[in-house]
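The block underneath contains the structure these notes are about, expressed in structure tokens.
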Amino acid sequence: LSELGSESAKIKAMGIMDKLSTDKTVKVLNILEKNIQDGSKLSTLLNHNNDTEEEERLWRDLIMERVTKSADACLTAINIMTSPNMPKAVYIEDVIERVIQYTKFHLQNTLYPQYDPVYRVDPHGGGVLSSKAKRAKCSTHKQRVIVMLYNKVCDIVSSLSELLEIQLLTDTTILQISSMGITPFFVENVSELQLCAIKLVTAVSSF
């Protein structure tokens with residue numbers, strides 16, 4: 001899926017995505033939706049009280065692998081939809097909604113808590129975690145994965161603004177995108193995401 005994401009970006013840049021069979025492209029999008037769905041509601045901040053540190057690490061790695069895979073599926077789907085001269089059949093509402101659902105969930109539950117301490121809540125209900133606890137939760141390996149996921153999500157947010165310029169979306173979808181575009185401005189340490197969000201909000205306001 002990672003390879004598919006980068007290759008779809010190249011095909012989009014070359015402007016030849018529309019040369020592919022529409023039927024096959026639609027089938028690919030439907031398969032991608034299943035892959036997006038797989039990681040769209042997975043919490044990466046799970047804390048299993050009875051797990052050893054090693055079990056916890058392995059579990060988190062497995063979750064992050066599935067979440068990252070879903071991000072690649074989102075990017076591939078959005079690259080297809082935002083390519084020049086694509087047929088109407090590729091703008092599948094369920095796929096678009098699934099991309100938005102995935103992005104909103106992981107901004108709120110995975111990325112914001114990693115980048116802004118205000119969003120970092122103790123899973124045991126004790127409020128914000130202490131700095132020591134925060135450091136204990138974040139291995140260097142995990143941080144690399146989080147940065148990679150952050151960059152992918154920035155690309156998805158940026159591409160959604162392109163989609164808004166191409167395809168008319170439902171009011172419900174526009175409302176979802178609007179809230180997703182506004183929230184980053186209340187989060188610290190996500191300047192790249194805020195730049196992408198400016199594009200998104202501008203595209204929404206042009207409706």
Side-chain angles (χ1 to χ4, degrees), residues 1-9 28-29 31-79 95-126 128-160 176 180 183-184 187-197:
L1 274 161
S2 176
E3 204 170 314
L4 201 57
S6 56
E7 289 301 318
S8 64
V28 168
L29 284 166
I31 294 166
L32 288 170
E33 188 202 346
K34 302 300 179 197
N35 283 278
I36 297 166
Q37 186 178 5
D38 180 55
S40 63
K41 292 285 184 185
L42 284 176
S43 174
T44 59
L45 304 174
L46 292 175
N47 190 359
H48 302 91
N49 298 329
N50 301 322
D51 289 353
T52 65
E53 192 174 319
E54 180 64 12
E55 285 172 333
E56 181 86 2
R57 186 186 65 78
L58 289 169
W59 179 255
R60 287 175 191 279
D61 285 352
L62 179 64
I63 294 287
M64 282 307 300
E65 189 178 316
R66 285 172 66 188
V67 168
T68 305
K69 179 194 74 170
S70 292
D72 288 322
C74 284
L75 274 173
T76 305
I78 211 88
N79 282 338
V95 179
I96 295 168
E97 284 180 5
R98 194 73 71 189
V99 170
I100 294 165
Q101 180 190 60
Y102 171 90
T103 309
K104 280 191 77 171
F105 182 87
H106 286 292
L107 281 172
Q108 202 70 41
N109 297 283
T110 303
L111 296 175
Y112 294 160
Q114 289 290 337
Y115 283 84
D116 188 342
V118 171
Y119 288 83
R120 214 169 300 174
V121 179
D122 187 340
H124 303 300
V128 178
L129 287 167
S130 70
S131 297
K132 189 176 180 183
K134 286 174 201 167
R135 280 198 297 273
K137 289 282 172 200
C138 303
S139 67
T140 310
H141 168 68
K142 189 180 175 192
Q143 283 303 310
R144 281 199 298 271
V145 176
I146 289 291
V147 170
M148 187 170 67
L149 181 65
Y150 173 75
N151 291 330
K152 287 178 192 291
V153 170
C154 284
D155 287 343
I156 294 166
V157 171
S158 185
S159 296
L160 279 170
Q176 294 245 46
M180 190 167 73
T183 312
V187 183
E188 297 290 327
N189 309 314
V190 290
S191 53
E192 299 88 354
L193 179 62
Q194 287 168 347
L195 282 172
C196 298

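Residues take their numbers from the sequence shown, with the count starting at 1.
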Val187: partners by side-chain contact (heavy atoms from CB on, under 4.5 Å), with sequence neighbours left out: Tyr112, Asp116, Tyr119, Val190
Salt bridge (charged side-chain N to carboxylate O under 4.0 Å, His left out) partners for Glu54, two or more places apart: Arg57
side-chain hydrogen bond (donor to acceptor under 3.5 Å, both in side chains) partners for Tyr150, two or more places apart: Glu192
By salt bridge (charged side-chain N to carboxylate O under 4.0 Å, His left out) - contacts of Glu7 (at least two apart): Lys10
Ile31: side-chain contact (heavy atoms from CB on, under 4.5 Å) partners, not counting sequence neighbours: Asn35
Set of side-chain hydrogen bond (donor to acceptor under 3.5 Å, both in side chains) partners for Thr68, sequence neighbours left out: none
Contacts of Asp155 that satisfy salt bridge (charged side-chain N to carboxylate O under 4.0 Å, His left out) - sequence neighbours left out: none
Check: Leu32 and Leu4 side chains under 4.5 Å, non-hydrogen atoms: yes
Sequence-distant partners of Lys104, side-chain hydrogen bond (donor to acceptor under 3.5 Å, both in side chains), two or more places apart: Gln176, Ser179
Listed partners of Glu65 passing side-chain contact (heavy atoms from CB on, under 4.5 Å), at least two apart: none
Test side-chain contact (heavy atoms from CB on, under 4.5 Å) applied to Thr103 - qualifying residues, sequence neighbours left out: Val99, Leu107, Val153, Ile156, Val157, Met180
Qualifying salt bridge (charged side-chain N to carboxylate O under 4.0 Å, His left out) pairs with a residue from residues 66-77, counting only residues at least two apart or across chains: Asp38-Arg66, Asp38-Lys69, Asp72-Lys152
Residues which pass salt bridge (charged side-chain N to carboxylate O under 4.0 Å, His left out) with Glu33, listed by chain and number, not counting sequence neighbours: Arg98
